[in-house]
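Take this structure first; my questions come after.
Just so you know, ligand 1 is whichever comes first in the structure, and atom 1 is the first atom listed for that ligand.
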Amino acid sequence: MTDTATTTSLNKFEKLKAEKDGLAIKNEIEKFAALGWEAMNETDRDHRLKWVGVFFRPVTPGKFMMRLRMPNGILTSSQMRVLAQVVQRYGDDGCADITTRQNIQLRGIRIEDLPDIFNRFHAVGLTSVQSGMDNIRNITGDPVAGLDADELYDTRELVQQIQDMLTNKGEGNPEFSNLPRKFNIAIAGGRDNSVHAEINDLAFVPAFKEAGEHTSLREAAPTTALSNRGAGEQNLLSADSHDKIFGFNVLVGGFFSAKRCEAAIPLNAWVAPEDVVALCRAVLEVFRDHGPRANRQKSRLMWLIDEWGLDKFRAEVESRLGKSLLPAAPKDEIDWEKRDHIGVYKQKQAGLNYAGLNIPVGRLYAEDMFEIARLAEVYGTGEIRFTVEQNIVIPNIAESRLATFLTEPLLERFSIDPGLLARSLVSCTGAQFCNFALIETKNRALAMIKVLEEELTFTKPVRIHWTGCPNSCGQPQVADIGLMGTKTRKNGKTLEGVDIYMGGKVGKDAHLGTCVIKGIPCEDLQPLLQDLLIKNFGAKLKQEALLVGNC
Ligand code: SRM
Ligand code: SF4
């Protein structure tokens with residue numbers, strides 16, 4: 001238990017965790033299934049079930065949401081089929097959403113089916129453990145890890161190792177089941193920061209150290225640092241890299257919340273890949289044991305760093321680690337604009353391609369999921385990946401199969417070449433299922449870009465992110481145009497509205513956007529967005545473009 005928690009009064013969530021650890025729920029699933037959701041203890045139902053990834057939805061009582069864990073966003077076609085079967089049994093109530101953490105959530109779940117669902121998950125190596133409440137969220141990694149000829153590090157194995165350590169191989173780990181608050185971890189393996197490292201509580205970004213500097217944490221020869229890299233190691237170092245060692249600069253404290261949003265700050269630490277798991281453990285132990293627990297609005301890691309100062313925090317992490325941290329490398333290797341991976345791209349393996357399919361606002365139905373699984377098997381090796389933009393990647397498509405793949409009907413809906421607004425559209429769950437939502441998001445987001453794409457021509461993608469409330473699950477602060485749900489007044493009436501964020505930059509020199517316009521009623525939004533797109537992003541009215549063309 002924390003320093004702070006022992007000296008201050010506990011908030012409601014700390015109390016419920018102290019009464020019974022969330023993970024204890026794991027052994028009570030059969031009992032809940034027999035009882036039914038209405039007879040269950042409310043605290044178990046509304047809160048503790050989140051420790052096994054089951055979320056009571058006050059908007060649709062009795063129809064639960066299940067949040068999985070997808071380390072590095074990767075799953076197999078067999079796993080996708082199991083997920084499809086689970087949502088299929090709920091008919092119109094069943095669907096799934098790819099999330100902004102490279103993950104998937106299932107909807108319509110009935111409590112009586114949980115034992116069977118967990119058995120099915122177990123059979124194919126899926127876990128939903130510790131995916132909600134005061135636990136570590138899905139760990140994100142590069143969506144084209146192991147495929148991209150330009151990658152610096154294949155993040156897959158490392159992400160899996162961290163998840164295994166933190167969740168006891170998906171079975172649940174009581175060591176980390178009572179954090180002061182949620183915790184996000186990301187590892188970037190490429191030059192374009194595909195994971196939004198800067199918005200995580202703990203993030204690792206590629207950085208090279210001069211070999212001579214690599215002394216105090218461990219005397220590691222370059223070969224040791226490279227040995228953990230997984231497949232396709234040939235292109236991993238830059239040409240002049242004989243005397244450089246690959247590792248990661250460490251960022252800490254990034255988070256979004258209703259009250260405060262912060263980009264992560266450098267810990268002034270560099271770690272070799274083989275030290276990443278230990279560092280994650282050390283940081284989490286410090287957060288678990290010392291993080292502030294009195295006020296839920298002030299419990300994320302950055303609040304502890306504020307309270308202590310970075311030097312004390314770093315020293316405490318070193319003490320848990322049992323060794324000194326090396327200072328950060330002078331620069332990281334994030335020097336590309338962020339890619340969205342939509343389209344077909346050559347892999348580093350000769351003759352193979354990966355295809356990025358745009359899944360509008362991440363929403364999938366059972367038949368889509370079966371079809372994605374089929375495509376992945378017929379054309380690839382059965383592997384499927386998710387991106388933080390709520391899209392999918394199908395890797396390992398042989399050159400000889402590509403032309404046929406491109407004629408598949410599913411690609412008409414899940415395009416490899418969508419409109420320039422559609423390809424970058426992201427939306428959180430919103431009012432359809434989320435009780436925090438101040439507005440409906442997903443359908444509105446789709447309808448809005450349809451109209452805008454009909455009216456305007458674009459020369460480049462514009463990243464529009466919708467989020468239904470200030471919790472910022474849809475990450476409006478990283479968008480070119482971020483739309484955050486709010487309530488606003490017009491002609492004496494309360495209406496659904498948005499606050500508009502702009503200036504978010506991803507990839508190299510990433511920084512957060514800020515709120516530029518407040519309280520626009522959704523019914524007045526379209527002309528305003530049109531104006532912003534024309535003035536700030538080079539969009540042109542189609543009529544105008546036609547006239548110019550005619551001259
Ligand atoms: Fe989130 C709470 C959905 C990514 C910040 N988030 C919720 C809940 C669980 C609230 C609830 O119980 O209804 C939402 C579930 C709605 C539902 O039925 O789907 C929810 N969050 C989501 C997802 C599904 C949005 C999406 O459509 O993709 C994302 C799931 C990710 C995952 O797979 O684990 C999701 N949430 C995020 C992100 C983005 C990220 O991680 O990059 C953030 C901002 C980053 C961060 O956390 O620092 C985010 N969610 C929050 C917060 C504010 C946290 C805070 O410190 O105050 C809450 C509310 C809370 O925790 O008290 C929240
Ligand atoms: Fe729900 Fe708000 Fe998160 Fe959207 S941003 S999923 S409305 S909590």
Side-chain angles (χ1 to χ4, degrees), residues 11 13 46-47 49-50 53-60 63-71 73 95-109 128 130-140 179-186 195-203 253-264 291 295-303 359 361-363 386-391 426-442 445 465-478 482-486 496 506 512:
N11 67 56
F13 291 92
D46 300 356
H47 303 297
L49 269 180
K50 293 179 183 170
V54 178
F55 290 61
F56 180 69
R57 300 291 72 200
V59 181
T60 57
K63 299 167 197 170
F64 289 75
M65 179 268 277
M66 274 188 100
R67 181 184 285 168
L68 278 288
R69 302 192 74 92
M70 291 284 151
C95 66
D97 288 313
I98 304 172
T99 77
T100 50
R101 291 201 68 79
Q102 234 179 5
N103 193 11
I104 194 164
Q105 296 184 164
L106 310 181
R107 302 200 180 273
I109 309 294
S128 59
Q130 289 170 268
S131 58
M133 277 297 288
D134 297 347
N135 289 291
I136 299 118
R137 297 290 182 274
N138 193 47
I139 302 163
T140 55
L179 300 175
R181 207 58 166 93
K182 70 187 287 194
F183 194 90
N184 291 330
I185 303 178
V195 290
H196 300 312
E198 70 284 1
I199 65 170
N200 284 264
D201 296 276
L202 174 60
F255 79 112
F256 296 159
S257 72
K259 292 267 179 289
R260 181 181 174 197
C261 294
E262 293 290 345
N295 177 349
R296 297 279 295 170
Q297 295 303 328
K298 297 186 173 179
S299 297
R300 297 289 293 269
L301 181 66
M302 188 61 108
W303 293 97
I359 311 294
V361 293
R363 174 63 50 85
F386 298 140
T387 71
V388 295
E389 285 83 19
Q390 304 173 317
N391 295 316
V426 167
S427 172
C428 85
T429 306
Q432 189 185 4
F433 297 112
C434 180
N435 59 305
F436 285 115
L438 299 170
I439 63 167
E440 200 283 319
T441 50
K442 285 198 191 258
H465 286 221
W466 286 75
T467 206
C469 79
N471 282 331
S472 297
C473 306
Q475 310 154 328
Q477 303 84 349
V478 309
L483 302 165
M484 180 188 286
T486 186
E496 294 201 346
V506 290
L512 303 183

Residue, atom name and distance, where the atom is the protein heavy atom closest to atom 33 (O) of ligand 1: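 Among all protein heavy atoms, the one nearest atom 33 (O) of ligand 1 is T99 OG1, 2.7 Å.
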Could you tell me whether R296 approaches ligand 1 through its side chain, its backbone, both or neither, with non-hydrogen atoms closer than 4.0 Å?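 Looking at R296 and ligand 1, no heavy atom falls under 4.0 Å.
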Write out the residue and atom name of the closest protein heavy atom to atom 24 (C) of ligand 1, then the distance separating them to 0.1 Å.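 For atom 24 (C) of ligand 1, the nearest protein heavy atom is Q105 OE1, 3.1 Å.
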Under 4.0 Å from a heavy atom of A437: which atoms of ligand 2 are those, numbered in the order shown and with their elements?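 What qualifies from ligand 2 is 7 (S).
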Would you check if F256 and L512 make a side-chain contact, meaning some heavy-atom pair closer than 4.5 Å?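 The answer is yes; the side chains approach within 4.5 Å.
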Just let me know how H196 lines up against ligand 1, side chain, backbone, both or neither, with a heavy-atom cut-off below 4.0 Å.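 None of H196 does.
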At a non-hydrogen distance cut-off of under 4.0 Å, which region of R67 contacts ligand 1 (side chain, backbone, both, or neither)?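 R67 to ligand 1: side-chain contact only, backbone stays beyond 4.0 Å.
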Just to confirm my output: which protein heavy-atom neighbour is closest to atom 53 (C) of ligand 1, and how far is it?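 Result: N471 OD1, 3.6 Å.
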Residue portion contacting ligand 1 (non-hydrogen atoms closer than 4.0 Å) for S257: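 For S257, the contact with ligand 1 is made by both the backbone and the side chain.
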On the ring face of W303, is R181 found with NZ or CZ under 6.0 Å from the centre and within 45° of the axis?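 No, a cation-pi geometry is absent between R181 and W303.
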Which bit of K182 is near ligand 1, meaning a heavy atom under 4.0 Å away: side chain, backbone, both or neither?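 It is the side chain that gets close, since no backbone atom is under 4.0 Å.
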For atom 2 (C) of ligand 1, what's the nearest protein heavy atom and its distance?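 It is C473 SG, 4.3 Å.
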Please confirm whether Q390 comes under 4.0 Å of ligand 1, counting heavy atoms of the residue only.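 For ligand 1, residue contact (heavy atoms, under 4.0 Å) with Q390 is present.
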Non-hydrogen atom of S427 closer than 4.0 Å to ligand 1: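 Contact present.
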So which heavy atom in the protein is nearest atom 2 (Fe) of ligand 2, and how far is it from that ligand atom?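 The closest one turns out to be C469 SG, 2.3 Å.
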What protein heavy atom sits nearest atom 11 (C) of ligand 1, and how far away is it?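 Nearest neighbour among protein heavy atoms for atom 11 (C) of ligand 1, to 0.1 Å: R57 NH2, 3.4 Å.
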Contact between ligand 2 and S472 is defined here as a heavy atom of the residue under 4.0 Å from a ligand atom; is it met?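 Right, S472 reaches ligand 2.
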Which of the numbered atoms in ligand 2 are under 4.0 angstrom from any heavy atom belonging to T467?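 Close to T467: 5 (S).
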Quick check: N103 and ligand 1, any N/O pair under 3.5 Å apart?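 Yes, N103 has an N/O under 3.5 Å of an N/O on ligand 1.
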Identify which of T60, T429, T100 has a heavy atom lying nearest to atom 19 (O) of ligand 1.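 Among T60, T429, T100, the closest heavy atom to atom 19 (O) of ligand 1 belongs to T429.
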For ligand 2, which atoms sit closer than 4.0 Å to a heavy atom of N471?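 Reading through ligand 2 atom by atom, the close ones are 8 (S).
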Any nitrogen or oxygen of Q297 lying under 3.5 Å from a nitrogen or oxygen in ligand 1? Just yes or no.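 No, Q297 has no N/O under 3.5 Å of an N/O on ligand 1.
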For G468, counting its heavy atoms only, list the atoms of ligand 2 lying under 4.0 Å from any of them.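 Those of ligand 2 that fall under 4.0 Å from G468 are 4 (Fe), 5 (S), 7 (S).
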For S131, is the nearest heavy atom under 4.0 Å from an atom of ligand 1?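 For ligand 1, residue contact (heavy atoms, under 4.0 Å) with S131 is absent.
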Can you list the ligand 2 atoms lying under 4.0 Å from a non-hydrogen atom of F436?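 Reading through ligand 2 atom by atom, the close ones are 8 (S).
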Which one holds for N184 and ligand 1: side chain close, backbone close, both close, or neither close, with close meaning a heavy atom under 4.0 Å?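 Contact part for N184 vs ligand 1: side chain (C-beta onward).
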If we only count N/O pairs under 3.5 Å, is G254 in contact with ligand 1?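 By distance alone, the answer is no.
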Please confirm if an N, O or S atom belonging to C428, backbone or side chain, lies less than 2.8 Å from atom 2 (Fe) of ligand 2.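 So C428 does not count as coordinating atom 2 (Fe) of ligand 2.
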Could you establish whether I199 and ligand 1 come within less than 4.0 Å of each other, counting only heavy atoms on the residue side?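 Judged by the 4.0 Å heavy-atom criterion, I199 does count as contacting ligand 1.
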Minimum distance, heavy atoms only, to atom 42 (O) of ligand 1: which one of M65, E262, H47, Q475 is it?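 Answer by nearest heavy atom: Q475.
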Which option out of R181, R137, R69 puts a heavy atom nearest to atom 61 (O) of ligand 1?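 Shortest heavy-atom distance from atom 61 (O) of ligand 1: R181.
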One residue to check: S299. Relative to ligand 1, which of side chain, backbone, both or neither has a non-hydrogen atom less than 4.0 Å away?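 Neither; no heavy atom under 4.0 Å.
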Look at the N, O or S atoms of C428, main chain and side chain alike, and state whether any lies under 2.8 Å from atom 1 (Fe) of ligand 1.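 So C428 does not bind atom 1 (Fe) of ligand 1 by this criterion.
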Considering only non-hydrogen protein atoms, determine which one is nearest to atom 41 (O) of ligand 1 and report residue, atom name and distance to 0.1 Å.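 Heavy-atom neighbour on the protein nearest atom 41 (O) of ligand 1: R101 NH1, 3.0 Å.
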Looking only at protein heavy atoms, which one is nearest to atom 56 (O) of ligand 1, and what is the separation?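 Closest protein heavy atom to atom 56 (O) of ligand 1: R300 NH1, 2.8 Å.
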Looking only at protein heavy atoms, which one is nearest to atom 1 (Fe) of ligand 2, and what is the separation?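 Closest protein heavy atom to atom 1 (Fe) of ligand 2: C434 SG, 2.3 Å.
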